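Worksheet: the structure to be examined is printed underneath.
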Amino acid sequence: MTADREAAPPGAVPVRGTWPRGLMKAAAIVDGGKADLIEVPVPEPARGQVLVAPSVVGICGTDLELLHGTASYFRDGRATHPHVFGHEWVGRVVAVAAEGEGEQTLRVGDRVVGQTMISCGSCRACQRGRRNECARLRETGLYGQQGAAAQYIRVPAQTLTVVPAAVDDLAAALVEPAVTVLAGLDRVACSPGERVLVLGTGTIGLLAVQLARRLAGTVDVVGVDDAGLGAALRLGAEHAFRPGEAAPGTYDVVVEASGSPAALAEALQLADIGGRVAAIGVPTDPLPSVDAGELVLRGVSFTGVRHGLDFYERALRLFAEGVLTAKGMVARVFPIEEVTDAFHLLEHGRRAAPKVALALPPTA
C-alpha cells in the first residue's frame, strides 16, 4: 500500500493510495435471524469518499434488533437482507478519492473513527446547523450506508475523525456511544455540584457514569444486575441502587440509558423540582402511565437525545486524557469469523462487561 496517487484512466476519480477492486468478506444479517460471513463487492471510488479498513467493530442492542428483524429499518424498507451492520468502529485509511479540501487532511494509514449519522448538508435542518435532524439522513450500518463489519467501508471524508495515538482501538470503538452521552449531558447542562443519577449499566450507562463523575463531581446509578452495578461503582458511581430504591424527587439531572419504558417513567419521578431528564436509551414499548400534570407543576424538563454528531473529537480527547476509559467495558473481542458466537454472547451470555466486539485482520 502506498500514499502515492494511484494512476487512473481519463475521466476516472483520482485516488491517493491503492483502492482495491473485486470482492471482500463482510459480516451480515441474513434472512432467518442469522448473522454470517458473506462476500460483497468492494465499493468503487467516488469523489470525496475515503476507503477505510475497519479493525474493531462494536455490536450493541441495535444490532440485535437488526438480527431479529424488529428494527424499524427493516419494517419500513430502508434496510434489506443481506445487511452489513456495524456502526461503532475504528479503522485505517486505505485510499482517498482526492480533490476536495476535506479529503486532503486525511492520509493513507491514518487511524479514524466514522460518524454513524451521515447528513446531506443541504436540507433545511443541515443549513440551520442541525445535522442530527437531516431530512435525508443515512446511518452507517443501519440504513443507506454499508456498515463497518467488512474488510472495507467507503464513507464521506467529512464524516471521519483521526484517532489520537493515546487512544487504543477498543476505546476508539466506544466513541460512537460516547458522543451520544456527551450530547445528552450537554443538552441538560450538567454542571459541578449537581446531583446526577444514571439509570442503566450497559455501555451507554457506564460511559454516562464516567462523564457525569467528571462534570458534576458525584453520580449515583440504578441497575438490574450485580455485574453492571459493580462496574459502575468501579468507574466512579457513589451509590448503586436497584429499580425502585432511589428516592423520588432527589436528582438535578437524570440520565435514562437503559431503554426500559419502566426506567424512563421512573426517571421522570426521580428528578427534583426543576430537574432535567436526558433520555438516551430508546424504549421499544409504550411508557407506563405518567402523571403529566405533576411533571408540569414540578417543572421537570425532558430531553430526547438523538445522537452527538458534533462531539466525536471531544469524545476522543476525553479518552486520550483518561476521563473516559474502555477498561472494564469490553467483555470479549471475537474474530469476525465468529460473528454468530459474538451475537450469542451479547444476547444470552453471562459477562462482567457490557460491550462485545468483532476484530478484523489487517488488510494486505
Side-chain angles (χ1 to χ4, degrees), residues 19-20 23-30 35-44 46 49-67 71 73 78-79 81-96 106 109-118 137-163 167-180 203 307 309 312 315-316 326 330 333-340 342-343 346 355-363:
W19 198 297
L23 297 176
M24 64 178 181
K25 292 181 180 180
I29 307 298
V30 298
D36 207 348
L37 281 186
I38 64 171
E39 285 192 333
V40 296
V42 176
E44 291 292 326
Q49 301 287 310
V50 177
L51 193 71
V52 181
S55 54
V56 174
V57 179
I59 58 177
C60 69
T62 301
D63 298 309
L64 278 177
E65 292 178 16
L66 291 169
L67 181 72
Y73 319 115
R78 284 178 290 172
H81 294 104
H83 177 81
V84 180
F85 63 92
H87 60 278
E88 305 174 3
W89 62 277
V90 59
R92 288 194 180 274
V93 172
V94 172
V96 180
L106 292 167
D110 279 347
R111 205 159 47 104
V112 293
V113 293
Q115 297 172 4
T116 295
M117 289 184 169
I118 301 176
L137 197 68
R138 295 180 290 137
E139 295 195 63
T140 302
L142 303 178
Y143 61 92
Q145 167 67 49
Q146 176 212 298
Q151 286 180 279
Y152 301 105
I153 180 173
R154 184 189 70 185
V155 289
Q158 70 270 18
T159 67
L160 296 174
T161 305
V162 176
V163 178
V167 180
D168 65 26
D169 279 1
L170 283 183
L174 291 174
V175 164
E176 196 276 343
V179 299
T180 305
T203 301
H307 192 50
L309 267 178
Y312 279 79
L316 284 165
V330 182
V333 181
F334 290 83
I336 192 171
E337 293 81 5
E338 297 177 17
V339 59
T340 300
F343 271 107
L346 181 66
K355 178 58 62 181
V356 174
L358 300 173
L360 292 95
T363 56

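As the structure is a prediction and not an experimental result, all values here were calculated from the model.
Residue T340 holds its OG1 atom at 11.5 Å from CD of E337, rounded to the nearest 0.5 Å. Within the model, atoms OG1 of T116 and CD of E88 stand 7.0 Å from one another, a figure rounded to the nearest 0.5 Å. Taking CG from D169 and OG from S55, the interatomic distance works out to 3.5 Å, rounded to the nearest 0.5 Å. Going from atom CG of L51 over to atom CZ of R92 covers 14.5 Å, rounded to the nearest 0.5 Å.
Here the side chains of I118 and L137 are not in contact, with every heavy-atom distance at 4.5 Å or above. Q115 has its side chain out of reach of H307: every pair of non-hydrogen atoms, C-beta onward, lies at least 4.5 Å apart. With a 4.5 Å cut-off on side-chain heavy atoms, L358 and V56 do not count as touching. With a 4.5 Å cut-off on side-chain heavy atoms, V179 and L309 do not count as touching. No side-chain heavy atom of I29 sits under 4.5 Å from any side-chain heavy atom of P82.
E39 places no side-chain N or O within donor-acceptor distance of the main-chain N or O of M24, the cut-off being under 3.5 Å. The main-chain N or O of Y143 is never found under 3.5 Å from a side-chain atom of R138 such that the two would form a donor-acceptor pair. Side chain of W19 to backbone of P43: a donor-acceptor contact under 3.5 angstrom is found. For the pair D110 (side chain) and V112 (backbone), a donor-acceptor distance under 3.5 Å is absent. The closest donor-acceptor contact from the side chain of K355 to the backbone of I59 lies under 3.5 Å. Between the side chain of Q145 and the backbone N or O of M117, no donor-acceptor pair lies under 3.5 Å.
Looking only at atom types and distance, the side chain of H87 has no donor-acceptor partner in the side chain of T140 under 3.5 Å away.
A pairwise comparison of heavy atoms in A150 and V84 identifies CB-CG1, 4.3 Å as the closest pair.
Checked against a 6.0 Å centroid threshold, the rings of F85 and F343 count as neighbours.
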